[in-house]
Undergrad: 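Got a structure for you, questions after.
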Amino acid sequence: MGYIDLRSDTVTLPTQEMRDAMYKAEVGDDVYGEDPTVKRLEEMAANIMGKEDAMFVTSGTQGNQVSVMTHTHHGDEIILEERCHIITYEVGGIGYLSGVQAKTIRGINGIMDPKDILNAIRMEDIHYPKTSLICLENTHNRAGGTVTPLSNMKEVYQIAKEHDIPIHLDGARIFNAATYLNVDVKEIARYADSVMFCLSKGLCAPVGSIVTGSKEFIKKARKYRKMLGGGLRQAGILAAAGIVALEKMKKRLSEDHENARLLAEGLNNIKGIKVDMSTVQTNIVMSDISATGLTGAQLSSKLLDYGIKVNGAGDYNVRFVTHYYIKKDDINKVLHAINTIVKEQ
């Protein structure tokens, strides 16, 4: 049975155009800098983000970890939002790999107050670690795909420059943020010294992410990528799909946002389910099903019988993520199934 899969936009499959491009890709040894398709992807990505250079990495996590390693030294402290991806889903990598400690700040819908960031910066003192990096996440995964406004990013950037601290942006879904803000993605990337973004989520490429920054930064980052086993050989086969993703898949993300909002509105009409519509800005919907008497895991299990996959745990929150392979008809089927299950409780 084919499933309606709303667990994540990571479940997207490469399009036929991507498969054709991968088959025909011209390749070489990328560790030697000889893969023409990887080089084309990196040049394209750097230009799109308005940065000097770019580097293809195997995943968003690898891209974030390499970026932290490149910006910092062991014993430093970095500032992050308390529920950000780097803290929550990257296996403690910043401590293990970079040897830095985290100063976490509680954000509102994943957005840190610039005043809190300013107050968290360490002054020079023999007792204190050096604040060497500020990490932002836009869109913010655990907050429900919420978008950080450009005004906030600009204020944080100005604070960082005044204290000579670089900013790394986890922009895994930065094109979703740009779509929501209706701006060129460069307008977001300009407020970060390095930017990581994913090719393998809403853009549908099968593998890979990109790190962008200055030429000096990327040169240093390549060594850390190699250290982590990310030096690939004939990677042009993967990069070819990434090129198609950047050429063809960015402009259609508004469809995913529309479907997410349709889903959220429908969920709010089901007795016992609540969705904070103010957080439904991109392609992620966070729902509270506590009043239904079901846990997330229970609802997830019951939905499988309807051919629907969602992420539900032992608590009362369920996350839904729309993507290229979710259509409006699928949304209606999901809402009907959930409504039926809740009524049977």
Undergrad: Where do Lys215 and Glu52 come nearest, in terms of heavy atoms and distance?
TA: N-OE1, 2.9 Å
Undergrad: Would a single hydrophobic cluster contain both Tyr157 and Val183, if residues Ile, Leu, Val, Met, Phe, Trp and Tyr are joined by side-chain heavy-atom contacts under 4.5 Å?
TA: yes
Undergrad: According to a hydrophobic-cluster definition based on side-chain heavy atoms being under 4.5 Å apart (Ile, Leu, Val, Met, Phe, Trp, Tyr only), do Val244 and Leu199 belong together?
TA: yes
Undergrad: What's the separation between atom NE2 in His168 and atom CZ in Phe217, rounded to the nearest 0.5 Å?
TA: 7.0 Å
Undergrad: Using modelled atom types only, decide if a donor and an acceptor are shared between the side chain of Thr146 and the backbone of Asn109 within a distance under 3.5 Å.
TA: yes
Undergrad: Is it true that a side-chain atom of Asn138 and a backbone atom of His140 form a donor plus acceptor pair closer than 3.5 Å?
TA: no
Undergrad: How far apart are the closest heavy atoms of Met196 and Val211, and which atoms are they?
TA: CG-CG2, 4.2 Å
Undergrad: Please say whether more than 12 non-hydrogen atoms of neighbouring residues, nucleotides or ligands are located less than 6.0 Å from NZ in Lys250.
TA: yes
Undergrad: Does CD belonging to Glu216 count more than 12 external heavy atoms closer than 6.0 Å?
TA: no
Undergrad: Answer yes or no: is there a side-chain heavy-atom contact under 4.5 Å between Asp170 and Leu136?
TA: no
Undergrad: Quick check on Asp164: does its CG atom have over 12 non-hydrogen neighbours (other residues, nucleotides or ligands) under 6.0 Å away?
TA: no
Undergrad: Would you say Asn152's side chain and Met112's backbone share a donor-acceptor pair under 3.5 angstrom?
TA: yes
Undergrad: Please name the pair of heavy atoms, one in Lys201 and one in Ala172, separated by the smallest distance, quoted to 0.1 Å.
TA: NZ-CB, 4.2 Å
Undergrad: Identify the residue among Glu90, Glu137, His85 that makes a side-chain hydrogen bond (donor to acceptor under 3.5 Å, both in side chains) with Asn64.
TA: Glu90
Undergrad: Against Asp30, only a single residue in Arg222, Arg40, Arg225 fulfils salt bridge (Lys or Arg N to Asp or Glu O under 4.0 Å); can you say which?
TA: Arg225
Undergrad: Considering non-hydrogen atoms only, spot the tightest contact between Cys204 and Thr12 and give its length.
TA: CA-OG1, 3.6 Å
Undergrad: Is Arg319 reaching over with its side chain to a backbone N or O of Arg7, donor-acceptor style, under 3.5 angstrom?
TA: yes
Undergrad: Ignoring hydrogens and angles, tell me if any N or O in the side chain of Thr282 forms a donor-acceptor pair with the backbone of Gly145 under 3.5 Å.
TA: yes
Undergrad: May I ask you to decide if Val11's main-chain N or O and Ser8's side chain share a donor-acceptor pair within less than 3.5 Å?
TA: no
Undergrad: Determine whether more than 12 heavy atoms belonging to other residues, nucleotides or ligands lie under 6.0 Å from atom NZ of Lys186.
TA: yes
Undergrad: Nearest 0.5 Å please: distance from the CG atom of Asn317 over to the CZ atom of Arg142.
TA: 9.5 Å
Undergrad: After noting the C-alpha distance and the side-chain angles of His71 and Ser194, does the key distance pass the side-chain hydrogen bond (donor to acceptor under 3.5 Å, both in side chains) rule?
TA: CA-CA 9 Å; His71 280 301; Ser194 60; 2.9 Å; yes
Undergrad: If you measure from CD on Gln345 to NZ on Lys271, what distance do you get to the nearest 0.5 Å?
TA: 12.5 Å
Undergrad: Check for a donor-acceptor pair, side chain of Ser301 on one end and backbone N or O of Gln298 on the other, with a separation under 3.5 Å.
TA: no
Undergrad: Is the backbone N or O of Ser151 less than 3.5 Å from a side-chain atom of Glu155, with the two atoms forming a donor-acceptor pair by type?
TA: no
Undergrad: If we ignore hydrogens and angles and just use 3.5 Å, is the side chain of Asn283 paired with the main-chain N or O of Thr322 as donor and acceptor?
TA: yes
Undergrad: Counting only heavy atoms from other residues, nucleotides and ligands, does the tally under 6.0 Å from NZ of Lys161 exceed 12?
TA: yes
Undergrad: Between Tyr306 and His336, is the ring centre distance below 6.0 Å?
TA: no
Undergrad: Establish, yes or no, whether the cationic atom of Lys327 lies under 6.0 Å from the six-membered ring centre of Tyr324 and within 45° of the ring axis.
TA: yes
Undergrad: Quick one: pull up CD in Glu42 and OG1 in Thr37 and give me the separation to the nearest 0.5 Å.
TA: 11.0 Å
Undergrad: Quick one: do Leu232 and Val207 end up in the same hydrophobic cluster if we chain Ile, Leu, Val, Met, Phe, Trp and Tyr together by side-chain heavy atoms under 4.5 Å apart?
TA: yes
Undergrad: Should the pair Phe175 and Phe197 be assigned to parallel (<30°), tilted (30 to 60°) or perpendicular (>60°) ring geometry?
TA: perpendicular
Undergrad: Rounded to the nearest 0.5 Å, how far does OG1 of Thr70 lie from CG of Asp193?
TA: 12.5 Å
Undergrad: When you measure from the side chain of Thr139 to the backbone N and O of Val147, does any donor-acceptor pair fall under 3.5 Å?
TA: no
Undergrad: Cluster question for you: counting only ILVMFWY and a side-chain heavy-atom cut-off of under 4.5 Å, with indirect links fine, are Ile167 and Met69 together?
TA: no
Undergrad: Honestly, is Lys309 close enough over Tyr3, meaning NZ or CZ under 6.0 Å from the six-membered ring centre and within 45° of the axis?
TA: yes
Undergrad: Do Lys39 and Asp35 meet the salt-bridge criterion of a basic N to acidic O distance under 4.0 Å?
TA: no
Undergrad: Which atom pair, heavy atoms only, marks the closest approach of Ala45 to Ala54?
TA: CB-CB, 4.2 Å
Undergrad: Can you check side-chain hydrogen bond (donor to acceptor under 3.5 Å, both in side chains) on Asn259 and Glu255, steps first, answer last?
TA: CA-CA 6 Å; Asn259 285 333; Glu255 298 172 25; over 6 Å; no
Undergrad: Rounded to the nearest 0.5 Å, how far does CG of Leu6 lie from CG of Leu263?
TA: 6.5 Å
Undergrad: Mind listing the closest non-hydrogen atom pair of Ser209 and Gly60 along with its distance?
TA: OG-N, 3.1 Å
Undergrad: With clusters defined by side-chain heavy atoms of hydrophobic residues (ILVMFWY) lying less than 4.5 Å apart, directly or transitively, does Met286 cluster with Val280?
TA: no
Undergrad: May I have all residue pairs that pass salt bridge (Lys or Arg N to Asp or Glu O under 4.0 Å) and include part of residues 107-136, sequence neighbours excluded?
TA: Glu77-Arg122
